[in-house]
Chemist: 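After the structure tokens below, expect a handful of questions from me.
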Amino acid sequence: MTKDLHSDRLKKLRTLEERDIPPFPARTLGTPTPIAEILEDFDRREGETRTVAGRLGQIRDFGKLRFAHLSDRTGSIQCGFQRDRLSKWWPNRKLIEGNDLVLVTGECGKTKKGEPTVWADEVQLLTKALRPAPEKWHGLRDVETRYRMRYVDLFANPEVREVFMLRSRIVREIRAFFDELGYLEVETPILHSIAGGATARPFVTHHNTLDIDLYLRIAPELYLKRLLVGGLERVYEIGRVFRNEGISTRHNPEFTMLESYEAYADYEVVMERVEALFDRLCTRVLGTSEVRFRDRTYDLKPPFPRRRYLDLFREKNDGLDWFDERGVAERARSLGIFREDLPASKLANDVFEATVEDGLEGPVFVIDYPKAICPLAKAGSEDPRVAERFELFIAGMELGNAFSELNDPLDQESRLEEQIADKDEETPSEVDYDYVAALEYGMPPAGGLGIGIDRLVMLLSGRPSIRDVLLFPLLKPLEPGRAPEPEEGAEGGGS
RNA sequence: GGGGGCGUAGCUCAGUCGGUAGAGCAACGGCCUUUUAAGCCGUGGGUCGAAGGUUCGAGUCCUUCCGCCCUCACCA
């Protein structure tokens, strides 16, 4: 609790109550103007009376005059409090301090040094802050506190706010992009009875009334493609997916995925869409196609080069053929990543990841993946061993994954069944026969796309960790309890 | 899970060889009508992440635990 630590502020709270000044009033007595709007054309506003509201910064006190900056979501402006203008309020001035939320109405004018200032004629305390703000010029630095108390981070560090404003603009622009192409934005279930559409360990939950286990979705893919069967033809969804796996600078157990599906298109069309989308984000949101990320500069100007998966594999592995099982096993051993339990295709893909992926600075489309590692993609017309699939890599990060969607129900059924056969903890628990049934009704040929929104925002904002683009990244909860009392018979709850 | 680093006042950080717990900002009292990292005088503020150990004596050394960061593994 707050109690002892900031008892000064609690004392002020009581004094406010004694003086009938509500510390948390229900009504805001005025309509604040966004601060940026006032600053925009300040010279012309001089002499006008304006109302501003926001969080009070540090007060600079001169006895009969005090200054403090007031910040709202749009910016920050200086307020001047003079005894001669505020005779009624003046005796209460010390009850309002830095970090309180206030409403100030007064005349716009400049100080001797030319600083735009609202000279207060009326002041209303909107919310008494019982905790002080972090230190004024270093801000809040401690990463753990920043993530755990993001609400403080946001008001103490303006650049953090900017990241999330940028994130919002990016998402809005993505929506506009698909909307203009006639896509329908949809919402599909998050609770799945079969965790399909990707390979990942799911979170499990339970529905009490039905008494069944359900999974939080690991991908919306299979539901979106059902909608293609239903005739919606162009659909997209931006939503949270959940994977019960490790946490790192690039992974959070819940993250935001964009998936889109377009009938009568294939992965070539999708590559064009991705290029158009990046071009739009660069011009309309960033204003440049160059981004700085982890000490490197990337030019996101399309077109992006395309490299065949199998070619990249051969290049980085001394001409080794991906399908050469013995050679691949040997190579895996020399890399120290050999695993007896893996099917050949998975092992070969591990070799690909170990030798190729980190070097993919990009932007680059890696295209034409071996069919064996793409259970939901359609085989190419030229080489039946490869699937029409691409992944977009930038800065060694996988940003997008797309393919010409497999719509042959018989092929799909056997591939899903194969997947279950060499099952590990990450493969789906069972085959989604309802999805196969949907395909049996006829799904149009289609190009599908998945983009990790968080990683995209990382790249476009130049933030190296996914936690910097998530408002509330997952952290271990702090243990409120100390060690249990060492008396015997202390009841459980133990870990 | 492996390796490395970190945890000291509300915040940002010092703390030497093991010898009384420090600074700046914030807070509190005072002066000041043009500051904007305001200034000046004064005051208060600590479970040194937690527990145990070594020692006459531990923020400092040892052990265990908790949390965070980086990295590797994992993550098609």
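Just so we're on the same page: letters track the sequence lines, and every chain starts at 1.
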Chemist: Verify whether the ring centers belonging to A:Tyr369 and A:Trp322 lie closer than 6.0 Å.
Modeler: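 Distance test on ring centres: not under 6.0 Å, no.
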Chemist: Below the 4.0 Å mark, does B:U35 have OP1 or OP2 next to a side-chain nitrogen or oxygen of A:Arg60?
Modeler: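 Looking at the OP1 and OP2 atoms of B:U35, neither is under 4.0 Å from any side-chain N or O of A:Arg60.
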Chemist: Taking the nucleotide of RNA chain B with the nearest heavy atom to each, does A:Arg389 or A:Thr111 sit closer to the 5' end?
Modeler: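 The residue closer to the strand's 5' end, by nearest nucleotide, is A:Thr111.
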Chemist: Stacking here means centres under 5.5 Å and planes under 30°; does A:Phe67 stack on B:U35?
Modeler: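 Yes, the aromatic ring of A:Phe67 stacks with the base.
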Chemist: Take A:Gly114 and A:Asp84, find for each the nucleotide of RNA chain B with the closest heavy atom, and name the residue whose nucleotide sits nearer the 5' end.
Modeler: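 Looking at the nearest nucleotide for each, A:Asp84 comes out on the 5' side.
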Chemist: Of the listed nucleotides (B:U36, B:U71, B:C68), which one gets closest to any side-chain atom of A:His69?
Modeler: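 That would be B:U36.
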Chemist: Heavy atoms from C-beta onward define the side chain here; which of B:U33, B:U35, B:G10 lies closest to that of A:Glu135?
Modeler: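 From the listed options, B:G10 comes nearest.
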Chemist: Under 4.0 Å: is that the gap between some side-chain N or O of A:Arg467 and OP1 or OP2 of B:C69?
Modeler: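 Yes, within the criterion.
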Chemist: In whole Å, measure the gap between the C1' atoms of B:U54 and B:C61 for me.
Modeler: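 Each nucleotide's C1' atom is 8 Å from the other's.
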Chemist: Report yes if at least one side-chain N or O of A:Lys94 is closer than 4.0 Å to OP1 or OP2 of B:G30; otherwise report no.
Modeler: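 Answer is yes, contact under 4.0 Å.
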Chemist: Quick check for you: among B:C25, B:U33, B:U12, whose closest atom lies nearest to any side-chain atom of A:Lys136?
Modeler: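 In terms of side-chain proximity for A:Lys136, the closest of B:C25, B:U33, B:U12 is B:C25.
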Chemist: If you compare every side-chain N and O of A:Arg66 against the phosphate oxygens of B:U35 (OP1, OP2), does one of them come in below 4.0 Å?
Modeler: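 Negative; the distance criterion is not met.
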Chemist: Base of B:U35, side chain of A:Glu115 - is there a donor-acceptor contact under 3.5 Å?
Modeler: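 Answer no: no donor N or O sits under 3.5 Å from an acceptor.
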Chemist: For A:Asp368 and A:Tyr267, test the side chains for any donor-to-acceptor distance below 3.5 angstrom and give the result as yes or no.
Modeler: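 Yes, A:Tyr267 and A:Asp368 have a side-chain donor paired with an acceptor closer than 3.5 Å.
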Chemist: Could you let me know what B:C32 is paired to, Watson-Crick or G-U wobble, both distances under 3.5 Å, or none if it's on its own?
Modeler: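 The base-pairing partner of B:C32, which may sit in any strand shown, does not exist here.
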Chemist: What nucleotide, of B:C13, B:G10, B:U34, holds the atom closest to the side chain of A:Pro132?
Modeler: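 From the listed options, B:G10 comes nearest.
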Chemist: Taking only the side-chain heavy atoms of A:Lys12 (C-beta and beyond), determine which of B:U34, B:C32, B:C28 contains the nearest atom.
Modeler: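 Selected nucleotide: B:C28.
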Chemist: Counting Watson-Crick and G-U wobble pairs only, both distances under 3.5 Å, name the nucleotide matched with B:G46, or none.
Modeler: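 Checking every strand shown, B:G46 finds no partner, since no pair has both distances under 3.5 Å.
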Chemist: May I ask you to decide whether A:Arg240 forms a salt bridge with A:Glu254, counting only side-chain N to carboxylate O separations under 4.0 Å?
Modeler: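 Answer for the salt bridge query: yes.
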Chemist: If you check every side-chain atom of A:Leu140, which of B:C11, B:A27, B:G67 has the closest atom?
Modeler: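 Among the listed nucleotides, the one closest to the side chain of A:Leu140 is B:C11.
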Chemist: Less than 6.0 angstrom from the centroid, inside 45 degrees of the normal: does A:Arg226 satisfy that with respect to the ring of A:Tyr223?
Modeler: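 Because its charged atom sits under 6.0 Å from the ring centre and within 45° of the axis, A:Arg226 does stack over A:Tyr223.
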Chemist: For A:Thr117 and A:Phe42, work out which heavy atoms get closest and say how close.
Modeler: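 That closest heavy-atom pairing would be N-CZ, 3.5 Å.
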Chemist: What distance, rounded to whole Å, do you find between the two P atoms, one in B:G22 and one in B:G3?
Modeler: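 38 Å, rounded to whole Å.
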Chemist: For atom P, what is the distance between B:G45 and B:G29, given to the nearest Å?
Modeler: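 That atom pair is separated by 16 Å.
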Chemist: Look at the side chain of A:Val143 and decide which nucleotide, out of B:U12, B:C68, B:U34, has an atom nearest to it.
Modeler: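 Nearest nucleotide to the side chain: B:C68.
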Chemist: Would you mind pulling out the nucleotide paired to B:U54, Watson-Crick or G-U wobble, both distances under 3.5 Å?
Modeler: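 Its partner: none found.
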Chemist: For nucleotides B:G39 and B:G24, find the distance between their P atoms and express it as a whole number of Å.
Modeler: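 One P to the other, the span is 12 Å.
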Chemist: Please state whether the phosphate of B:G67, meaning OP1 or OP2, lies under 4.0 angstrom from any side-chain nitrogen or oxygen of A:Lys476.
Modeler: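 Yes.
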Chemist: Can you confirm if the NZ or CZ of A:Arg93 lies within 45° of the ring axis of A:Phe81 and under 6.0 Å from the centre of its six-membered ring?
Modeler: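 Not satisfied by the 6.0 Å and 45° rule.
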Chemist: Can you tell me which nucleotide in B:U12, B:U33, B:C28 comes closest to the side chain of A:Asp142?
Modeler: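 Looking only at side-chain atoms, A:Asp142 lies closest to B:U12.
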Chemist: Across all strands shown, which nucleotide pairs with B:C25 by Watson-Crick or G-U wobble geometry, both distances under 3.5 Å?
Modeler: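 Check on B:C25: paired to B:G10, both distances under 3.5 Å.
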Chemist: Using the C1' atom in both, what is the distance from B:U36 to B:G46, to the nearest Å?
Modeler: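 Their C1' atoms lie roughly 32 Å apart.
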Chemist: Rounding to the closest angstrom, what is the interatomic distance between B:G5 and B:U43 at atom P?
Modeler: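 Rounded to whole Å, the distance is 41 Å.
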Chemist: Quote, to the nearest angstrom, the P distance that separates B:A14 from B:G7.
Modeler: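 Their P atoms lie roughly 8 Å apart.
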Chemist: Using modelled atom types and a 3.5 Å cut-off, is there a donor and acceptor pairing between side-chain atoms of A:Asp153 and backbone atoms of A:Thr145?
Modeler: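 Between the backbone of A:Thr145 and the side chain of A:Asp153 there is no qualifying donor-acceptor contact (under 3.5 Å).
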Chemist: Could you give the distance separating B:G59 and B:G52 at their P atoms, to the nearest angstrom?
Modeler: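 Taking atom P in both B:G52 and B:G59, they lie 14 Å apart.
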Chemist: Does A:Glu144 get its side chain close enough to the base of B:G7, under 3.5 Å, for a donor-acceptor pair?
Modeler: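 No, no donor-acceptor pair under 3.5 Å.
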